[in-house]
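Report on one structure; see the data block that follows.
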Amino acid sequence: MAKIRKVIALIMVAVMAVVMFAGCGGASKETGAANSTKAAVSTAAVSSTQQTDAPKEKVKLSFFLSQTGWGGEAVDPELMAEVEKVIEGKTNTDLEVIAPPQSSYNDKLNVVLASGDIPDIFAVRKAMDNIHVMASRGYTMPLDDLIKQAPEITSLVDQTYLDYLKVDGKLQGVPMYVPLSKFIWMRKDVMDANGVKLSETPTTDEFYNEMKKLVGKGVIPFTFAKFLDNLPFFFNPFGAYYGIGEKDGKYIDGFNTPEAKEALAYVAKLYKEKIWDQEFLTNENTTIRENLFSGKAASTLDYYNRYIYFCTEAENVKAPTEFVPIYELKGPKGQGGNLYEAIQDALCISSKSKNPDRALDVLKYYVYSEEGVKLRCLGVEGKHYTLENNIITPTEKAKNSGYKCDVNQFYLYYPKITDFGFKWSETIEKLIPLQVKFNEETNRHLGPKYSIPSNKSDLYNKNLSGYKKKIDEISSKIIMGSCSVDEGYKEYEAFWKSINGDGMLAELNK
């Protein structure tokens with residue numbers, strides 16, 4: 001791996017032209033939002049990554065993970081190295097950590113993989129879409145035999161989610177996070193001031209009528225990010241699916257259905273009447289979050305674990321309020337469900353790794369043990385934080401390096417941690433019970449998620465990127481009113497024909 005940095009500089013431009021896959025950011029029924037896909041194993045079982053037999057020989061491993069994956073997201077190299085040292089000590093390994101910035105992670109990973117110098121461990125974003133690309137190019141090692149020796153993982157991760165990461169029936173990675181979902185968060189102060197009354201599961205008509213009360217009141221009623229793969233929240237109430245879905249045991253073009261057209265017409269109405277953020281096509285995730293906690297917006301769509309974050313950030317900018325969840329919208333036929341993302345990121349082991357069992361040891365410790373997750377989320381005591389009167393306090397060096405001492409991060413991982421060994425601030429301690437309640441409730445409102453069989457259709461593998469880009473393009477035009485629903489779908493049908501969409505479905509349904 002020593003040559004990786006040179007390789008990146010030499011072939012970045014060439015590779016970006018031919019190797020691209022989507023990334024942004026952040027199935028069946030999930031238990032992940034509450035970190036309880038299965039009953040949490042005991043601390044002793046979770047922490048059993050240390051070897052119980054004869055000591056293993058120290059080996060060299062490379063680990064490719066973005067800067068924000070190391071100790072409370074502090075990007076200071078010295079602080080990242082402190083986390084690296086702990087992992088090495090716990091797993092008897094000599095790690096080379098390659099940690100590009102979050103914003104360029106995908107590009108840098110593509111360069112490294114194409115160079116042939118594949119890291120022993122690397123993360124794949126949007127894994128349900130991209131894992132088959134990694135496998136088909138020979139980058140990943142099947143983990144079926146290794147996973148049998150990892151009760152630390154299989155006792156926590158439901159088999160359904162491992163199945164999502166299979167290609168041609170072979171497991172190609174393990175989830176980095178619990179399955180994720182999103183719903184609408186609303187500011188209670190704005191609701192109360194404008195007489196907005198919404199249940200936790202309003203109908204689409206109720207949502208429209210109540211949110212219209214906020215138009216022209218100096219606040220964005222609903223702010224939305226530019227990532228249109230969040231649209232399924234508004235497709236679910238109409239029984240529609242934003243992409244290739246499944247019906248009666250057959251894969252279908254879920255985007256080209258009467259239900260999908262009805263969903264897009266509904267969103268276009270929200271936009272036209274200024275309920276929907278007029279600037280949504282340029283909004284980053286950071287923008288919509290700041291809009292909400294600052295009081296510039298009344299509501300937004302975001303992850304289930306954001307309650308404490310929104311409350312504390314609102315307090316910091318002197319715009320305190322309660323935040324109310326809207327778990328799903330119910331459509332004309334009673335359908336609904338939140339935005340269910342299932343498996344977003346996965347961790348893979350290189351097909352060229354000389355020590356895959358030791359690479360798995362690193363994953364078992366850093367991602368699937370309580371101790372490792374605390375290290376990932378908090379860093380090293382005395383380096384990243386101190387305990388003053390048993391309350392966690394970031395060090396100055398950590399604070400100046402983007403450190404996030406954030407209880408919300410713990411709700412993204414499988415080990416369910418209830419004993420942190422210290423107290424959070426008094427404010428956070430008061431908010432935790434409600435956050436846990438929201439985590440658990442979101443599991444009762446999951447929208448649909450379909451896993452497309454990898455490598456079953458050459459046309460699907462070839463067309464996936466262009467297909468997703470086209471449905472986003474058509475959707476944005478319809479929403480913004482630059483074309484009608486009928487005009488948009490006329491363009492879409494021509495595109496579908498050009499990629500032999502019917503042939504693609506035929507291959508998927510063989």
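No experiment lies behind these values; they were computed from the predicted model shown. Only this structure's heavy atoms are used, side chains among them; waters, hydrogens and symmetry mates stay out. Starting from 1, each residue takes its place in the sequence as its number.
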### Task
Check the pair Lys166, Asp163 against salt bridge (Lys or Arg N to Asp or Glu O under 4.0 Å), reporting the backbone distance first and the verdict last.
CA-CA 5 Å; Lys166 288 184 176 181; Asp163 289 344; 3.3 Å; yes
### Task
Might you work through the side-chain contact (heavy atoms from CB on, under 4.5 Å) test for Met134 and Phe122, ending with a clear yes or no?
CA-CA 11 Å; Met134 301 290 110; Phe122 59 96; 4.1 Å; yes
### Query
Hey, mind stepping through Ile392 and Leu378 against side-chain contact (heavy atoms from CB on, under 4.5 Å) and telling me if it holds?
CA-CA 10 Å; Ile392 189 167; Leu378 299 177; 3.9 Å; yes
#### Entry: Steps toward side-chain contact (heavy atoms from CB on, under 4.5 Å) verdict (Phe233, Lys182)
CA-CA 8 Å; Phe233 186 88; Lys182 293 180 179 179; 6.0 Å; no
### Query
Run the salt bridge (Lys or Arg N to Asp or Glu O under 4.0 Å) check on Lys477 and Glu473 step by step: do they pass?
CA-CA 6 Å; Lys477 288 180 180 180; Glu473 178 187 333; 3.5 Å; yes
### Query
Yes or no on side-chain contact (heavy atoms from CB on, under 4.5 Å) for Phe227 and Asn285, after CA distance, side-chain angles and deciding distance?
CA-CA 9 Å; Phe227 307 109; Asn285 283 325; 3.6 Å; yes
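A distance of 8.5 Å separates CG in Asp345 from OG in Ser66, rounded to the nearest 0.5 Å. Note: Leu301 CG to Ile288 CD1 = 7.0 Å, rounded to the nearest 0.5 Å. Here Phe207 contributes atom CZ and Ile275 contributes atom CD1; the two are 7.5 Å apart, rounded to the nearest 0.5 Å. Here the straight-line distance linking atom CE of Met191 with atom NZ of Lys197 works out to 8.5 Å at 0.5 Å rounding. Atom CG of Asp229 sits about 8.0 Å away from atom CG of Leu339, to the nearest 0.5 Å. Annotation: the span from Thr300 atom OG1 to Glu290 atom CD amounts to 12.5 Å, rounded to 0.5 Å.
Side-chain atoms of Tyr414 and Asp158 include no donor-acceptor pair closer than 3.5 Å. Side chain to side chain, Tyr242 and Ser475 meet the donor-acceptor criterion of an N or O pair below 3.5 Å. Side-chain contact of Asn291 with Thr223: a donor-acceptor pair under 3.5 Å is present, judged by distance alone.
In this structure, Glu426 pairs ionically with Lys430, as a charged nitrogen and a carboxylate oxygen lie closer than 4.0 Å. Using a cut-off of 4.0 Å between Lys/Arg side-chain N and Asp/Glu carboxylate O, Lys437 and Glu440 are scored as not salt-bridged. Using a 4.0 Å cut-off between charged nitrogen and carboxylate oxygen, Lys490 and Glu487 do not count as a salt-bridge pair.
With a 4.5 Å cut-off on side-chain heavy atoms, Arg306 and Asn408 do not count as touching. Side-chain atoms of Lys274 and Leu214, non-hydrogen and from C-beta on, never get closer than 4.5 Å to each other. Between Tyr492 and Asp253, the closest side-chain pair of non-hydrogen atoms falls below 4.5 Å. Looking at Lys261 and Asn256, their side chains come closer than 4.5 Å, going by heavy atoms from C-beta outward. Put simply, the side chain of Leu162 reaches to within 4.5 Å of the side chain of Pro175, judged on heavy atoms. Contact of the Leu165 side chain with the Tyr161 side chain is not registered, since no non-hydrogen atoms from C-beta on lie closer than 4.5 Å. Side-chain atoms of Cys377 and Asp406, non-hydrogen and from C-beta on, never get closer than 4.5 Å to each other. Proximity of Val196 to Val190: side-chain heavy atoms (C-beta onward) are nowhere separated by under 4.5 Å.
Across all non-hydrogen atoms, the minimal contact from Phe438 to Pro325 is CE2-CG, 3.6 Å. Between Gly71 and His384 the shortest heavy-atom distance is O-CD2, 3.3 Å. Heavy atoms only, all atoms of each residue included: Ala319 and Arg187 are closest at O-NH2, 2.7 Å. Smallest separation of non-hydrogen atoms from Leu459 and Met504: CD1-N, 3.6 Å. Of all non-hydrogen atoms in Glu315 and Pro320, the two that sit nearest each other are OE1-CB, 3.4 Å. Here the shortest heavy-atom pairing between Tyr177 and Arg376 reads OH-NH2, 3.5 Å.
In this structure, Ser104 contributes its side chain and Asp107 its backbone to no donor-acceptor pair below 3.5 Å. When atom types are taken as modelled, the side chain of Thr68 and the backbone of Gln102 share no donor-acceptor pair closer than 3.5 angstrom. In this structure, the side chain of Tyr266 engages the main chain of Thr204 through a donor-acceptor pair within 3.5 Å. For the pair Asp76 (side chain) and Ser401 (backbone), a donor-acceptor distance under 3.5 Å is absent. A donor-acceptor contact shorter than 3.5 Å is absent between the side chain of Tyr208 and the backbone of Lys269. Looking only at distances, no side-chain donor or acceptor of Glu313 sits under 3.5 Å from a matching main-chain atom of Cys311. Of the possible donor and acceptor atoms, none in the side chain of Tyr460 sits under 3.5 Å from a partner among the backbone N and O of Ile244. When atom types are taken as modelled, the side chain of Lys213 and the backbone of Gly195 share a donor-acceptor pair closer than 3.5 angstrom. For Glu73 (side chain) and Lys404 (main-chain N/O), no donor-acceptor pair under 3.5 Å exists by modelled atom type. Here the side chain of Lys226 pairs no donor or acceptor atom with the backbone of Glu284 at under 3.5 angstrom.
Ring centroid separation for the pair Tyr489 and Trp496 does not come in under the 6.0 Å cut-off. Aromatic rings from Phe222 and Phe234 are positioned such that their centres are separated by under 6.0 Å. Aromatic rings of Tyr467 and Phe255 (six-membered ring for Trp) have centroids beyond the 6.0 Å cut-off, not under it. Taking the six-membered ring for Trp and the full ring otherwise, Trp185 and Tyr309 have centroids separated by 6.0 Å or more.
Note: Tyr366 and Trp70 have parallel aromatic rings, judged against thresholds of 30 and 60 degrees for the angle between ring planes. The aromatic rings of Phe420 and Trp424 lie perpendicular to each other, with more than 60° between the two planes, well past the 30° mark.
The environment of CD in Gln278 is crowded: more than 12 heavy-atom neighbours from other residues, nucleotides or ligands sit within 6.0 Å. Within 6.0 Å of atom NZ in Lys397, more than 12 heavy atoms from other residues, nucleotides or ligands are found, so the atom counts as buried in its surroundings. In this structure, Lys296 places its NZ atom where only 12 or fewer heavy-atom neighbours from other residues, nucleotides or ligands lie under 6.0 Å away.
The ring pair (Phe, Tyr, Trp, His ring centres under 6.0 Å) with His445 is formed by just one residue from the set Tyr304, Tyr327, Phe183; it is Tyr327.
The cationic group of Arg137 does not satisfy the cation-pi geometry with Tyr139, failing either the under 6.0 Å distance to the six-membered ring centre or the 45° limit from the ring axis.
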